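These notes concern the structure reproduced below.
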Amino acid sequence: MAFPVPAGAANALADRILKELRNDSRIDDQAEPAVRVSKVVDVANPAAPILELTVSARAKPSEAEAVKQCVLDHASALLAAA
């Protein structure tokens, strides 16, 4: 999954999401979750560019949607607090 974030918050947000995924028991222990900046989305405002974070983690198919929603909710809360 991928979503846009302000460049200034990208590293902190990626670290927090990765920590959350590592602590989530629904994530497969055999495959390390990853969060990375995948591309620059918008540079209309050079002082505050928008980047795209891509999150990948392996979960059971029955848990995948719940994990996705948890990541999105967590990211939204972190962005609102930033």
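None of the values given here were measured: they were computed from a predicted structure. Quick note: residue numbers are just sequence positions, from 1.
The shortest non-hydrogen separation linking Pro49 to Pro46 is CD-O, 3.5 Å. Pro33 approaches Leu18 most closely through the heavy-atom pair O-CD1, 3.3 Å. The two residues Val37 and Ala10 have their closest heavy-atom pair at CG2-CB, 4.3 Å.
Around atom CG of Asn11, no more than 12 heavy atoms belonging to other residues, nucleotides or ligands sit under 6.0 Å away.
Residues Val55 and Ile17 meet the side-chain proximity criterion, which asks for heavy atoms closer than 4.5 Å. You'll find the side chain of Pro4 stays beyond 4.5 Å of the side chain of Leu53, heavy atoms only. Residues Arg22 and Glu32 are in side-chain contact: their nearest non-hydrogen atoms beyond the backbone lie under 4.5 Å apart.
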(message) With side chain to side chain contact (heavy atoms under 4.5 Å, CB included) as the criterion, how do Phe3 and Leu51 come out once you've worked through the C-alpha distance, each side chain's angles and the decisive distance to 0.1 Å?
(response) CA-CA 8 Å; Phe3 49 89; Leu51 307 177; over 6 Å; no
Only pairs under 3.5 Å count here: list side-chain donor-acceptor contacts from residues 61-74, not counting sequence neighbours, and write none if there are none.
{"residue": "Gln69", "atom": "NE2", "partner": "Asp73", "partner atom": "OD1", "Å": "2.8"}

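The CZ atom of Arg36 sits 7.0 Å away from atom OG of Ser56, with the distance rounded to the nearest 0.5 Å. Distance check: Arg26 CZ to Leu21 CG gives 9.5 Å after rounding to the nearest 0.5 Å.
Checking side-chain atoms of Ser38 against main-chain N and O of Glu52 turns up a donor-acceptor pair under 3.5 Å. Formation of a donor-acceptor pair under 3.5 Å by the Asn23 side chain with backbone atoms of Lys19 is found in this model.
No chain of hydrophobic side-chain contacts below 4.5 Å, direct or via other Ile, Leu, Val, Met, Phe, Trp or Tyr residues, connects Ile50 to Met1.
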